[in-house]
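Working notes, beginning with the structure itself.
For clarity, every value in this text was computed on a predicted model and none was experimentally measured.
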Amino acid sequence: MTSATGVPARERGRAPVRVPQELSARVPAEQRGPGRGRDDVRLLVSRGTEVAHHAFRELPCLLRAGDLLVVNTSPTLAAAVDGRIGHARVVVHFSTRGDDGRWAVELRDPDGRGTTRARAGGPAGMEVGLPGGVRLVLEEPLSPGSGRLWWAGVSGGAVPELLREHGRPIRYSYTERDQPLSVYQTVFALPSADGAGSAEMPSAARPFTAGLVAELVSRGVQFAPVTLHTGVASAEAHEPPYPERFAVSEASARLINAARADRRGRAALARKGGGRRVGGRVIAVGTTAVRAVESAADADGVVRAREGWTDLVVTPERGVRVVDGLLTGLHEPEASHLLMLEAVAGRAAIGRGYDEALRGHYLWHEFGDVHLVLPEESPHVGRCFGNRA
């Protein structure tokens with residue numbers, strides 16, 4: 001199957017795999033012209049297979065009083081550090097810290113353009129020298145049968161200090177230049193006492209500004225903070241997501257459960273003719289927020305305060321128990337990411353959304369435009385003012 005743009009699509013109607021190079025967002029929105037801000041991106045809105053085009057700044061009038069946005073507070077780390085294997089230069093991407101003090105790392109080769117390309121990992125026992133006398137020793141692959149990510153022992157220094165002094169944000173070849181770490185922090189990011197964070201930005205939240213958050217709150221939209229520290233992306237190898245650290249607090253669990261109860265109550269009232277607009281939708285900001293909150297949910301959908309490691313893979317077969325909608329960036333979909341989107345909205349909706357994003361020349365990746373997936377049954381009756389994207 002091929003989309004209207006000529007981009008090959010996944011089998012069984014799934015979304016396109018390859019994105020034209022010109023649709024990659026090469027710099028952040030605020031650097032594309034004078035007077036622009038983070039929220040100067042486009043917003044594709046899907047309700048089932050119905051698609052509408054908006055500016056991200058119109059988000060407050062697309063949501064309703066009683067809706068709840070689940071946001072990831074994980075800060076982004078300066079997770080890329082230059083190193084050497086003997087006389088050869090490498091770049092180490094620090095992905096995830098284990099409970100035993102080891103780190104999951106990915107080794108990459110410099111490409112001469114300020115970014116990197118994939119390289120084979122291993123073998124076990126390989127030593128990598130890092131600035132300040134820090135040393136890595138590769139011990140074993142993170143996942144059986146995959147040599148991309150390795151558990152590595154660290155000696156000669158602490159990784160958080162190494163990253164603060166010598167690290168830089170992970171950057172891929174579709175971006176134009178290096179950016180300061182502040183560009184990769186979302187408005188929701190909170191520093192971790194132990195220096196933990198995400199190897200790559202939870203990018204769905206990047207367009208939010210303090211002003212937009214204040215407007216949403218003034219309209220009765222609530223926020224439930226959760227934490228999930230993301231590892232490096234699996235762009236080259238379509239691997240299932242590996243375990244990641246997460247935490248859902250008691251306060252956020254109460255907010256989520258209350259929103260779901262409120263929605264059920266409003267829906268019952270609407271069926272009796274006592275109301276039209278049903279709020280209380282739980283909308284995750286990013287797939288990381290989906291994984292965190294669904295990992296904290298019981299089989300009946302009640303969310304409990306939980307923290308630790310999650311190896312949950314959200315698929316259409318498993319479904320979602322808590323999340324009603326999703327705000328997500330536009331990324332070339334590896335299998336697990338796409339399955340999560342289909343679990344929230346269904347294959348037809350996601351396939352239509354991806355085709356429409358390509359047809360409409362939306363910008364992709366972490367500095368690009370965003371996609372809001374809402375439940376099909378209750379379109380918003382309000383009006384959005386301002387320029388449409």
Side-chain angles (χ1 to χ4, degrees), residues 72-86 88-108 116 119-170 181 184-185 189-202 226-234 237 239-249 288 291-292 295-296 305-312:
N72 186 1
T73 64
S74 178
T76 307
L77 301 176
V81 180
D82 292 323
R84 287 189 176 275
I85 300 174
R89 294 177 56 221
V90 295
V91 176
V92 180
H93 288 177
F94 284 84
S95 180
T96 306
R97 187 181 62 184
D99 290 335
D100 57 4
R102 297 186 301 173
W103 278 78
V105 300
E106 178 188 23
L107 303 186
R108 295 178 68 89
T116 60
R119 63 169 285 151
M126 175 180 285
E127 296 187 8
V128 183
L130 298 170
V134 178
R135 188 174 64 120
L136 294 180
V137 178
L138 303 188
E139 297 183 359
E140 60 182 335
L142 184 66
S143 301
S146 173
R148 189 175 69 92
L149 285 162
W150 283 70
W151 284 115
V154 183
S155 62
V159 171
E161 286 75 13
L162 173 73
L163 300 186
R164 282 195 293 269
E165 294 180 15
H166 302 284
R168 61 186 178 275
I170 290 174
L181 184 60
Y184 290 88
Q185 302 294 5
L190 296 174
S192 300
D194 61 357
S198 289
E200 298 185 16
M201 172 176 56
V226 300
T227 302
L228 187 135
H229 297 312
T230 68
V232 297
S234 301
E239 303 160 334
Y242 40 83
E244 294 169 315
R245 289 180 179 272
F246 82 104
V248 176
S249 68
T288 62
R291 195 181 199 195
S295 296
R306 290 195 172 104
E307 62 180 302
W309 292 87
T310 177
D311 59 0
L312 175 66

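Counting only heavy atoms from C-beta outward, the side chains of S74 and M201 never approach each other to under 4.5 Å. A heavy-atom distance below 4.5 Å is not found between the side chains of L149 and H93. The shortest side-chain heavy-atom distance between P202 and T76 falls under the 4.5 Å cut-off.
Nearest heavy atom pair, residue E139 against residue R102, reads OE1-NH1, 2.8 Å. A pairwise comparison of heavy atoms in L130 and G83 identifies CD2-CA, 3.8 Å as the closest pair. Closest non-hydrogen pair, W150 versus P141, comes out as CE3-N, 3.6 Å. Smallest separation of non-hydrogen atoms from A292 and T227: CB-O, 4.2 Å. In plain terms, the two heavy atoms of V134 and G157 that are nearest each other are CG2-CA, 3.9 Å. Closest non-hydrogen pair, E161 versus A158, comes out as OE1-CB, 2.8 Å.
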Original post:
Step by step, would you call V154 with L136 a side chain to side chain contact (heavy atoms under 4.5 Å, CB included)?
Top reply: CA-CA 5 Å; V154 183; L136 294 180; 3.5 Å; yes
Original post:
Going through the distances and angles, do L107 and L138 end up as a side chain to side chain contact (heavy atoms under 4.5 Å, CB included)?
Top reply: CA-CA 10 Å; L107 303 186; L138 303 188; 3.9 Å; yes
Original post:
Would Y242 and S95 count as a side chain to side chain donor-acceptor pair (under 3.5 Å) if you check the C-alpha gap in whole Å, the side-chain angles of each, and the deciding distance to 0.1 Å?
Top reply: CA-CA 11 Å; Y242 40 83; S95 180; 3.3 Å; yes
Subject >> D99 and W309: CA distance, side-chain angles, deciding distance, side chain to side chain donor-acceptor pair (under 3.5 Å) verdict >> reply: CA-CA 10 Å; D99 290 335; W309 292 87; 3.0 Å; yes
Subject >> Stepwise side chain to side chain contact (heavy atoms under 4.5 Å, CB included) test for L162 and F94 >> reply: CA-CA 11 Å; L162 173 73; F94 284 84; 3.9 Å; yes
Subject >> Stepwise side chain to side chain contact (heavy atoms under 4.5 Å, CB included) check, R291 with V226 >> reply: CA-CA 10 Å; R291 195 181 199 195; V226 300; over 6 Å; no
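Remark: the backbone N or O of G129 is not paired with any side-chain donor or acceptor of R84 at under 3.5 angstrom. Here the side chain of E244 pairs no donor or acceptor atom with the backbone of T310 at under 3.5 angstrom.
Here the options are L77, I170, T288, the test is side chain to side chain contact (heavy atoms under 4.5 Å, CB included), and the partner is E200; only I170 passes.
Once rounded to the nearest 0.5 Å, the distance linking CG of D82 with NE2 of H166 reads 10.5 Å. In this structure, CZ in F246 is found 9.0 Å from CG in L312, a value given to the nearest 0.5 Å. Atom CD of E127 is separated from atom CD1 of I85 by 10.5 Å, given to the nearest 0.5 angstrom. The line from CZ of R148 to CG of L142 is 9.0 Å long, rounded to the nearest 0.5 Å.
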